[in-house]
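Below is one structure, written out as structure tokens, with a few remarks after it.
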Amino acid sequence: MTRPNLFRRILTALKGFGFKQWFLVLLNVILTAGAIGCALGLRSVGGMLESLTAAERFQGAGDMRYAQLACYLPVDGGKTEDDIYAFQQSLESKMVEQSLEAPEGGRLYLDAYSGEAGVTVRSENSGGAEVKATGVGGDFFYFHPLPLRSGSYIKSDDLMDDLVVLDEEMAWKLFGGTNLAGMTMYINGEPFLISGVISRETDSATGRAYTGDGGVFMSFSALQRLAEKTTVTSYEIVMPNPITGYAKSIVEESFPVGSGDVVENSSRYSLLHLWEVIRSFGERSMRTNGVIYPYWENAVRLTEDYAALLLVLAVLAAVPPVTFALVLIIRDVRRAYRFAKVKIPEKVDEAVEKHREERLENKYKKDGGGD
């Protein structure tokens with residue numbers, strides 16, 4: 001069939017449409033567009049938070065698969081730095097048993113931990129302010145690459161633990177600016193050097209999850225020195241995951257969290273996980289295990305809810321067009337079957353009859369030639 005003939009047949013069919021046919025066509029077009037829009041929105045939400053990309057960044061172009069996990073502990077069941085070191089030793093032993101080796105000059109895993117405590121901060125020229133300080137250890141700023149406005153991050157291998165990082169809001173509140181590297185501030189009366197100033201994440205989810213009035217990041221050991229009851233309530237790790245679930249099983253076995261939570265951030269937006277979010281949608285709002293999530297986990301949970309909602313809307317919008325298409329396909333298949341059921345025997349009979357006639361004709365000619 002030529003293209004003009006095809007277009008002519010389509011135009012003829014469209015001209016024969018009544019209100020009902022046009023309504024169904026337009027409805028399915030709108031629903032299909034809605035399903036595609038929800039799918040694109042789901043993809044956008046899944047890439048919103050940079051704090052969930054540590055495994056992807058750490059893996060780079062390598063062949064080894066990695067998973068990013070986070071452990072959140074109840075306030076009264078936090079860990080100590082000694083617990084972190086013991087887990088690291090256990091983890092390294094298990095990876096040696098599994099013949100997992102770090103690339104030359106590289107590392108096989110990255111981890112970070114943090115805890116929070118209320119402190120009093122001030123500068124030379126400002127009054128005191130009560131804030132919630134975050135004590136960090138390991139590669140915290142790899143997992144949370146907050147944009148630097150000035151200076152540098154604090155690192156686990158710093159010789160001294162008297163360095164702090166301020167967020168932009170706290171920097172303006174205490175000093176009226178952000179170019180503060182090397183300046184001195186006081187936390188609970190003790191002097192600390194400002195290493196850098198960072199900006200908070202700009203995505204909408206974090207904007208809603210972070211409700212503080214400015215923050216301070218310092219080494220966990222320093223915060224524990226200022227507030228002795230501070231414990232590790234958040235632990236994050238990127239580690240090899242050669243088979244699905246391997247990394248999570250190792251963490252759950254060797255890093256018990258009691259009534260806390262262990263989540264695999266690498267798969268937070270997978271269809272399987274989003275289905276679990278949908279199933280426990282109402283229960284997610286109830287926290288009975290004593291865990292107080294840091295703002296970055298609250299942001300993730302908010303985006304999970306958005307992603308689950310978009311998934312539901314995408315499925316609901318896709319069902320009618322898919323059903324409509326299946327009905328048309330089944331109808332056409334049945335028509336083709338009925339056509340074939342009638343026409344094929346006719347064609348076979350015609351072919352048989354034609355062959356018989358040709359055979360008789362050939363025989364007649366042969367007999368006539370013999371005469």
Side-chain angles (χ1 to χ4, degrees), residues 42-73 79 81-114 136-147 153-158 201 203 220 232 234-257 260-277 294 296-297 299-301 303-304 307:
L42 175 57
R43 182 177 180 181
S44 176
V45 168
M48 180 183 296
L49 301 176
E50 195 170 3
S51 61
L52 299 184
T53 64
E56 182 181 345
R57 286 183 276 119
F58 188 66
Q59 178 175 337
D63 296 329
M64 176 72 75
R65 291 176 54 196
Y66 287 86
Q68 179 180 349
L69 296 100
C71 304
Y72 300 107
L73 298 109
K79 302 285 188 180
E81 286 190 299
D82 288 339
D83 293 326
I84 302 297
Y85 301 147
F87 169 69
Q88 290 172 342
Q89 293 176 354
S90 173
L91 177 62
E92 289 167 3
S93 298
K94 289 181 181 297
M95 289 193 293
V96 169
E97 292 174 3
Q98 296 294 326
S99 300
L100 297 173
E101 299 180 356
E104 185 176 354
R107 300 169 62 181
L108 198 54
Y109 72 93
L110 288 177
D111 64 352
Y113 53 93
S114 63
V136 304
D139 294 281
F140 180 84
F141 289 105
Y142 187 92
F143 287 84
H144 305 279
L146 300 166
Y153 300 122
I154 55 177
K155 301 182 291 295
S156 58
D157 57 357
D158 289 331
E201 299 93 333
D203 60 90
F220 184 84
V232 173
S234 172
Y235 178 73
E236 300 170 271
I237 185 170
V238 168
M239 61 174 289
N241 191 42
I243 59 174
T244 301
Y246 169 80
K248 190 174 182 180
S249 66
I250 292 294
V251 171
E252 289 177 333
E253 176 186 343
S254 304
F255 194 79
V257 298
D261 299 327
V262 178
V263 293
E264 187 169 341
N265 284 332
S266 326
S267 59
R268 294 297 283 263
Y269 305 105
S270 67
L271 294 181
L272 182 61
H273 181 73
L274 291 179
W275 171 243
E276 293 298 323
V277 172
W296 56 84
E297 173 60 16
V300 176
R301 290 172 67 83
T303 59
E304 276 182 331

If only atom types and distance count, is the side chain of [X] paired as donor or acceptor with the main-chain N or O of [Y] below 3.5 Å?
X	Y	result
Tyr153	Leu146	yes
Ser93	Gln89	yes
Asp139	Ala112	no

**Request:** With side chain to side chain contact (heavy atoms under 4.5 Å, CB included) as the test, would you mind laying out the steps for Asp203 and Thr303 before giving the verdict?
**Result:** CA-CA 10 Å; Asp203 60 90; Thr303 59; 5.8 Å; no
Might you point out which heavy atoms bring [X] and [Y] nearest each other, and give the distance in Å?
X	Y	value
Ala55	Ser266	CB-OG, 4.4 Å
His273	Arg268	CD2-O, 2.9 Å
Val262	Cys71	CG2-SG, 4.1 Å
Thr53	Glu50	OG1-O, 2.7 Å
Tyr246	Lys94	OH-O, 4.4 Å
Ala307	Tyr269	CB-CD2, 4.0 Å

**Request:** Return the set of residues passing side-chain contact (heavy atoms from CB on, under 4.5 Å) with Ser44 (not counting sequence neighbours), or none when no residue passes.
**Result:**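 With sequence neighbours excluded, Ser44 shows a side-chain contact (heavy atoms from CB on, under 4.5 Å) to no residue whatsoever.
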**Message:** If we count only N and O atoms by modelled type, under 3.5 Å, do the side chains of Tyr113 and Glu81 hold a donor and an acceptor together?
**Reply:**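 Yes, a side-chain donor-acceptor pair sits under 3.5 Å.
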**Prompt:** For residues His144 and Glu236, is any side-chain donor paired with an opposing acceptor at under 3.5 Å?
**Reply:**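 Glu236 and His144 do have a side-chain donor-acceptor pair below 3.5 Å.
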**Request:** Among Lys248, Met64, Glu264, find the residue that satisfies the side-chain contact (heavy atoms from CB on, under 4.5 Å) test when tested with Asn241.
**Result:**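 When Lys248, Met64, Glu264 are each tested with Asn241, the side-chain contact (heavy atoms from CB on, under 4.5 Å) holds only for Glu264.
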Got a second to check how far [X]'s [atom1] is from [Y]'s [atom2], nearest 0.5 Å?
X	Y	atom1	atom2	answer
Glu297	Ser234	CD	OG	8.5 Å
Phe58	Arg107	CZ	CZ	6.5 Å
Ser90	Glu253	OG	CD	7.5 Å
Met95	Leu100	CE	CG	7.0 Å
Ser156	Asp111	OG	CG	8.5 Å

**Asked** Quick one: does NZ or CZ of Lys79 land under 6.0 Å from the six-membered ring centre of Phe255, within 45 degrees of the ring axis?
**Response**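 The answer is yes; both the distance and angle limits are met.
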**Asked** So Lys155 and Phe141, side chain to side chain contact (heavy atoms under 4.5 Å, CB included) or not? Walk me through it.
**Response** CA-CA 8 Å; Lys155 301 182 291 295; Phe141 289 105; over 6 Å; no
**Request:** Flag yes if more than 12 heavy atoms outside Asp63 fall under 6.0 Å of its CG atom; otherwise flag no.
**Result:**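 Atom CG in Asp63 is not packed in, count stays at 12 or less.
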**Asked** What salt bridge (Lys or Arg N to Asp or Glu O under 4.0 Å) pairs are there with at least one residue in residues 51-62, not counting sequence neighbours?
**Response**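 Sorted pair list comes back empty.
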Within a strict 4.5 Å, meaning less than it, do heavy atoms of the [X] and [Y] side chains meet?
X	Y	result
Ile237	Leu91	yes
Val251	Met239	yes
Phe143	Trp296	no
Val263	Tyr72	yes
Leu108	Tyr66	yes
Val232	Ile84	yes

